Amino acid sequence: MRVFVTGGTGHSGSYIVPELIAAGHEVTGLARSDTAAAALSALGAKVRRGSLQDLDGLKEAAADSDGVIHVAHRQDLLPSGGLDAVAAAELPIMLAYGEALAGTGKPLVAAGSIGSGGDLGRPVTEADPALPSGDEYKGTLRIRNVVETSVIGLAEQGVRSSIVRIANIAHGTTDRAGFLPVLIALAKEKGYVGYPGDGANLWNAVHIRDVASLFRLALEKGLAGKYWHAVGDGGIPFREIAEAIGSRLDLPVVSVPVDVLMVPGYFGFLANIVTQSYPASNLITRQTLGWEPAQPGLLADLDNGLYFPAG
């Protein structure tokens, strides 16, 4: 297949591109800068110069391809507009892909969040739709759910569209801006590793190489209008993650009372996220696409040399 990829030089994209090429696909990546163009070429991809703001260019690239993988985000909007601005910019991109691919049956696979199904009191499954989003959810992760539901909705227009929900922590040697580096930096800054309350709330994780293989499988044989779960570890108690960080930093591990002042006082902008529980299942993904996570789990991968470099 001739595959158009956005975000091809990012944390997940830099693994997705070589995964696709190794499987025999021809990849064209979107590059905004000379640096990105050089990085894509080094991965073995063709380069299309452009930006996420150029909707006509994205439509043209999608129409010229046999399928699209979208893992890019307008991260430049985060400092000024937050998640609201990022989601507002991403929605017209998905609709542009829909115009280009309508009626073709071609695949569009976009990145989503494992939290979009909400806290259901049980592991979220691929059959659970993204919770509705609206103005009342501005400033929260839920605001982006409108992007996911729009992609799923394109299935009704003859697009083989699907969402890969990525785990809370996508770990690996290119993870420089995810939750894990932030938690490690917080611990170093505070002098201790905090966890909320009893730390029994469950988080999930996945190795970034396993994410890449799932995007390829979703592109090749994913059904229209479906969610897929890029989850390796389906439920790790937050306290265990904190204890693993503490052991490697040789810092005390301390419970942070779940209080309106205490939790934000330690976790800052992560306060509303770290107290949630996100158990998730990958059973339908494995059964339908034949995906099997093959890389080290989160607690083992902490020793990959990136998170706690020697010396």
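Predicted model, so just to flag it, every value in this text is computed and none were measured. Numbers here simply count residues along the sequence, with the first being 1.
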How far does CD of Gln295 sit from NE2 of His171, to the nearest 0.5 angstrom? 9.0 Å

Checking side-chain polar atoms at under 3.5 Å, does His11 have a donor or acceptor matched by the opposite partner on Thr174? yes

Roughly how far, to the nearest 0.5 Å, is the OG1 atom of Thr275 from the OH atom of Tyr195? 15.0 Å

Distance-only donor-acceptor pairs under 3.5 Å for side chains of residues 54-62, two or more places apart:
from, atom 1, to, atom 2, distance (Å)
Asp54, OD1, Gly57, N, 3.0
Lys59, NZ, Glu99, OE1, 3.2
Glu60, OE2, Arg48, NH2, 2.8

side-chain hydrogen bond (donor to acceptor under 3.5 Å, both in side chains) pairs, two or more places apart, involving residues 204-214: Asn168-Asn204, Ser213-Trp291

Closest non-hydrogen atoms of Glu126 and Leu283, given as atom of the first, atom of the second and distance, are OE2-N, 3.8 Å

From the list His70, His73, Gln53, side-chain contact (heavy atoms from CB on, under 4.5 Å) partner of Ile93 resolves to His70

Can you confirm whether the side chains of Arg142 and Ser116 place a donor and an acceptor under 3.5 Å from each other? no

Interatomic spacing from CD in Glu220 to CZ in Arg160 - rounded to 0.5 Å: 9.0 Å

Spacing of Leu223 atom CG and Leu289 atom CG [to the nearest 0.5 Å]: 7.5 Å

Separation between CD1 (Ile166) and OG (Ser113), nearest 0.5 Å, reads 8.5 Å

Ionic contact status for Arg2 with Glu26, cut-off 4.0 Å: no

What distance do Glu148 atom CD and Arg165 atom CZ have between them, rounded to the nearest 0.5 Å? 6.0 Å

